[in-house]
Each structure stands twice: as structure tokens, then as C-alpha cells.
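Note that this is a predicted model, so its numbers are computed, not measured. Chain naming here is simple, since letters A, B, ... match the order of the sequence lines and numbering starts at 1 in each.
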2 protein chains.
Amino acid sequence: MDQLFAHLKNFYHLSREAQIALQECFQQITLPRNEFLIREGKTCRHMFFLEQGCLRGYYNLDGKEITHWFGFENDFITSFHSFITHQPAVESIQLMEAGTLWAISKEALTGLYDRHHEIERLVRIVYEKYYIRLEERYVNAQFKTATERYEELLQQSPHIIERVPLGYIASYLGISQETLSRIRARL
Amino acid sequence: MDQLFAHLKNFYHLSREAQIALQECFQQITLPRNEFLIREGKTCRHMFFLEQGCLRGYYNLDGKEITHWFGFENDFITSFHSFITHQPAVESIQLMEAGTLWAISKEALTGLYDRHHEIERLVRIVYEKYYIRLEERYVNAQFKTATERYEELLQQSPHIIERVPLGYIASYLGISQETLSRIRARL
DNA sequence: CTGCGTTTTTGACTATTGTCAAAAACGGGC
DNA sequence: GCCCGTTTTTGACAATAGTCAAAAACGCAG
């Protein structure tokens, strides 16, 4: 829990009361490797904070699993579309390692917004940061070659390459596993 | 101005007082075709609402202009990265048609957050919606073929194709103009 | 209607990546 | 250390998209 609150300070400094209120709404979860946090088709009603472990979000495209993001320590995790719209999730989220998470329900969170303005502010700021992160990812994904994308991943997120099977990384980069293997051979 | 407030109701219903406070912070701008709303290298300190017209965001990659998004009526426009981080914008935003916009400065907006909790809520909700919109765009861009992306654009946003030169659309889809021309010929 | 600059299309060729299949390397359990 | 299932690499070929250059179509001023 300390880790979560330490991380929140990167976004906004909460008052003691807000922290206590927030703390009461979180529940700890421990899940083994390969377990699902969210399954396609179910509505996701929680936001998670990943304290320890790593996981991937993926969806099905013509029977193929497309991994479109990874989550690591200190990431906020949810199926955002489902969480926001209350519609069934189109993606699944699966643990790639055994992990520890903190969960907060959407009702609890929106309840807090009314009682603690600062918590809503915190969440707004988190969204802003996540938005620009996604924007960057979008530009990289669409307008760079596979090799450039891999090299950038190597530089910026070497932890991904160390902890994640090649097949998932290839999918994440939008290329086939064979192509990624050849890129690696060349470097 | 009516149009702006009518549009805001899609996100959150503001009280009369909040509306008045917000209204006072907006300034109208009119710009001719090809004018720049934001130029690469300058810090963007405003959020805009596009009442009438259309524009594009683009950046330079090895001397080439990469158009990565379009804005149309009722869109909120800014260089999000610059607006949030206060760093110089990496992109430029240019009018493709003469347009009318409403501008609000970042200071004015953050000032409103303190005085009107609901305005911060509204903005949080706007960010949520824009986030999931971007997520969708990301998935489409990375994991579908050029033809699929063009067909989806045709179905979901025919207005883009009607109002925007082919070269910009090709860039937006992440393909060369020639390839887009060939896709069109085939359909 | 004509001419001219811009935008779009077409052609020929090249580079990149995908697909399918098989081989090699890796890693944990015994 | 050995076996077996999984992951990664390699090979051959096909499909997709990019590049450069030229032609055609378009749009507007005069």
C-alpha cells in the first residue's frame, strides 16, 4: 500500500484525509502466473494498481491473439473502454508473472470524487499523463519501421524485452515473430 | 458559444454558475485557411474548441510531414503533450479550411478547477472519452491492413475523405499517397 | 475556353514483412 | 545429464507497400 501512495505522489499530493478515504477503498489481490485479471466479454468494474508482477492486454483478431500493451510495476491497469463505458471488455488482461495488485471499484472511486475533490483531480492528472503516453505510442507504432520500433523498445523499455516472451513482443510491435527474430539477428 | 455549451452537455451537465464562469474565460478566434493554430517548437498554453472548420496536426519525420490526426467541428484541440507538460510542441496544427474557434488558457482553466469542482469533473470525463477514442485509433492503426483502415475510414468518417486532400489522408493512414490511390482504384 | 499549377493516378521496380514449415535452442522436471 | 514441451531461429517463397518518375485529371484565374 505504501508503494501505491508513494506512486500517487508523482501525480498529485493528496491530503491525509483523502489518503485515508482512498486507502479504505482498495483491496489487495494476489494472482498466479497466467491467471486472468479481466476476460473478454465481461464488464470491467475495477481499476487496478500493479504492485508487483507483469501482465499483458490482448484481444482476438481473426482467431489470433494481438497483445497491444504490457503492464509492469506501478502501472494503473484496467480495460479502460469497458471501465468507462460499462460495456463488455473487448480485451483480456492476463498475468505473465504471478502478481500483487490493489483493486478499487468504479462505484467506490466515483463516490470518492464527490467527497474529495482532490481525488478527482488526481485521477484527471493520471488520465492526462496516460493520454500523452498513449499518443507517443500511437505515433511510434504507426510511423516507424519495425526495426526502429524494436530499437526504441530496447532503449526505452529494456525491462519489457527481459521479462516478456518474444511472441508477445512481436505482437505488441505489430510484426510477426519471425520478422522480430530476424531483426534481432541483424543487431 | 451556444454550440460549445451544447456540446459540453455530452460529457457533463454544468450548473448555471459554472457555465457563466467558464464562458468568461473563452475567447473567440477566427483564422484563415492554412494558418497555424500551433507551431512546432512553441509551448501551447491554450485549449481550443473548434466551432467551424477543419484542421490537421502534423509533425516532421526526416523532413516529411506526417499528419497524425484531423480536427472537425466540436472537437477539442490542443497539442496535448505541450499543453500538459509545458514543453515545446513537437507538432504543428494547421487549418485546412478557414475556421472559428474558442480558446481558453491553461491558467484560466486550472483556476476554474479550484473554484468549480464540476469543471474539473467535466474535463476528467472529456479526457476519459478522448483516451478511449485514441485507444481505438491505436489498435486500428497498428493491427489492420491499409485497405481495412481506409474502408473503416470510409464507413466511420466519410466527412474526412470529403474535406481532406488525399495526401493528408494517406499520411494519416500511415501509407504512401500512391498506395492509397491504388486502394481507391480497386474499390 | 485556355493555360497553369496542384492533386491524383499509373507504371515499373525494389524493399520490407508475412506465411508456412522445419530445424535449432532453451528450460524445467526427473 | 536427459527428455520433452515450448520458444526461437532459419529458409524459401508470396504478398504488401514504398519509391521514383511520368502521365492524367482537376480546379481555378484570366
Side-chain angles (χ1 to χ4, degrees), chain A residues 32-35 54-56 58-68 70 94-98 138-154 158-187, chain B residues 32-35 54-56 58 60-68 70 94-98 139-154 158-187:
Chain A
R33 196 171 121 89
N34 293 330
E35 187 61 81
C54 67
L55 38 76
R56 68 185 184 114
Y58 71 89
Y59 61 94
N60 270 291
L61 188 70
D62 313 324
K64 269 192 214 164
E65 283 183 5
I66 306 283
T67 296
H68 58 128
F70 299 116
Q94 186 182 29
L95 286 269
M96 294 189 297
E97 298 173 3
Y138 173 75
V139 165
N140 269 339
Q142 191 169 13
F143 301 110
K144 301 204 170 161
T145 66
T147 308
E148 286 172 325
R149 293 202 300 277
Y150 182 70
E151 282 175 346
E152 230 162 274
L153 195 68
L154 259 181
H159 58 283
I160 293 187
I161 286 149
E162 283 157 26
R163 292 170 73 178
V164 176
L166 198 74
Y168 294 162
I169 295 175
S171 174
Y172 175 75
L173 291 171
I175 57 181
S176 71
Q177 178 164 321
E178 293 92 332
T179 299
L180 178 53
S181 177
R182 288 185 179 107
I183 289 170
R184 278 154 60 106
R186 247 182 282 143
L187 299 180
Chain B
R33 195 171 121 91
N34 292 331
E35 187 60 80
C54 66
L55 38 77
R56 68 185 184 113
Y58 72 89
N60 270 290
L61 189 71
D62 313 324
K64 269 192 214 163
E65 282 184 6
I66 307 284
T67 296
H68 58 127
F70 298 116
Q94 186 182 29
L95 287 268
M96 294 189 297
E97 298 174 2
V139 166
N140 268 339
Q142 192 169 14
F143 302 109
K144 301 206 171 162
T145 66
T147 309
E148 285 173 326
R149 293 202 300 277
Y150 181 71
E151 282 175 347
E152 228 160 276
L153 194 69
L154 260 181
H159 58 284
I160 293 188
I161 285 148
E162 283 156 26
R163 293 170 73 177
V164 176
L166 198 72
Y168 294 161
I169 296 175
S171 174
Y172 175 75
L173 291 172
I175 57 180
S176 71
Q177 178 164 322
E178 293 92 330
T179 299
L180 178 54
S181 177
R182 289 187 178 106
I183 288 170
R184 279 154 59 104
R186 248 181 282 143
L187 298 181

Q: Rounded off to whole Å, could you give me the CE-to-P distance for the A:Met96 and D:dT6 pair?
A: 19 Å
Q: Where do A:Ile175 and A:Ala146 come nearest, in terms of heavy atoms and distance?
A: CG2-CB, 3.5 Å
Q: For the pair made of NZ in A:Lys144 and P in C:dT16, what is the distance, rounded to whole Å?
A: 17 Å
Q: CD1 of B:Ile169 versus P of C:dT9: gap in Å, rounded?
A: 10 Å
Q: Is the backbone N or O of B:Asn140 less than 3.5 Å from a side-chain atom of B:Arg149, with the two atoms forming a donor-acceptor pair by type?
A: no
Q: Let me know the distance between CZ of A:Phe143 and C1' of D:dA17, rounded to the nearest Å.
A: 15 Å
Q: Quick check against the 3.5 Å criterion: does B:Gln94 have a side-chain atom that pairs as donor or acceptor with the backbone of B:Asn34?
A: yes
Q: Would you mind reading off the distance between B:Tyr150 atom OH and C:dT8 atom P, rounded to a whole angstrom?
A: 11 Å
Q: In the structure I gave you, are the side-chain heavy atoms of A:Tyr59 and B:Val139 within less than 4.5 Å of one another anywhere?
A: yes
Q: A:Phe143 vs A:Tyr138 aromatic rings, parallel, tilted or perpendicular, using cut-offs 30° and 60°?
A: perpendicular
Q: Just the rounded figure in Å: distance from C1' of D:dT8 to CD1 of A:Ile161.
A: 15 Å
Q: Phosphate oxygens OP1/OP2 of C:dT9: is one of them under 4.0 Å from a side-chain N or O of B:Arg184?
A: yes
Q: Between C:dT8 atom C1' and B:Ile183 atom CD1, what is the distance in whole Å?
A: 14 Å
Q: Check whether any side-chain N or O of A:Glu148 sits under 3.5 Å from a backbone N or O of A:Thr145 as a donor-acceptor pair, and report yes or no.
A: yes
Q: Are the side chains of A:Tyr172 and A:Arg56 in contact, using a 4.5 Å heavy-atom criterion?
A: no
Q: Given atom CG of B:Leu166 and atom P of D:dA25, what is their separation to the nearest angstrom?
A: 16 Å
Q: Which value, rounded to the nearest 0.5 Å, describes the distance between A:Ile169 atom CD1 and A:Ile161 atom CD1?
A: 5.5 Å
Q: Name the closest nucleotide to the A:Ala185 side chain, picking from D:dT9, D:dT10, C:dT17.
A: D:dT10
Q: Check nucleotides 28-30 of chain C for protein N or O atoms closer than 3.5 Å to its own N or O atoms and list the pairs.
A:
none

Q: Enter the distance from A:Ser171:OG to B:Gln142:CD here, rounded to the nearest 0.5 Å.
A: 8.0 Å
Q: Enumerate all atom pairs, one protein N or O and one N or O from nucleotides 18-20 of chain D, separated by less than 3.5 Å.
A:
from	atom 1	to	atom 2	distance (Å)
D:dG18	OP2	B:Ser176	N	3.0
D:dG18	OP2	B:Ser176	OG	3.2
D:dG18	OP2	B:Thr179	OG1	2.7
D:dC20	N4	B:Glu178	OE2	3.0

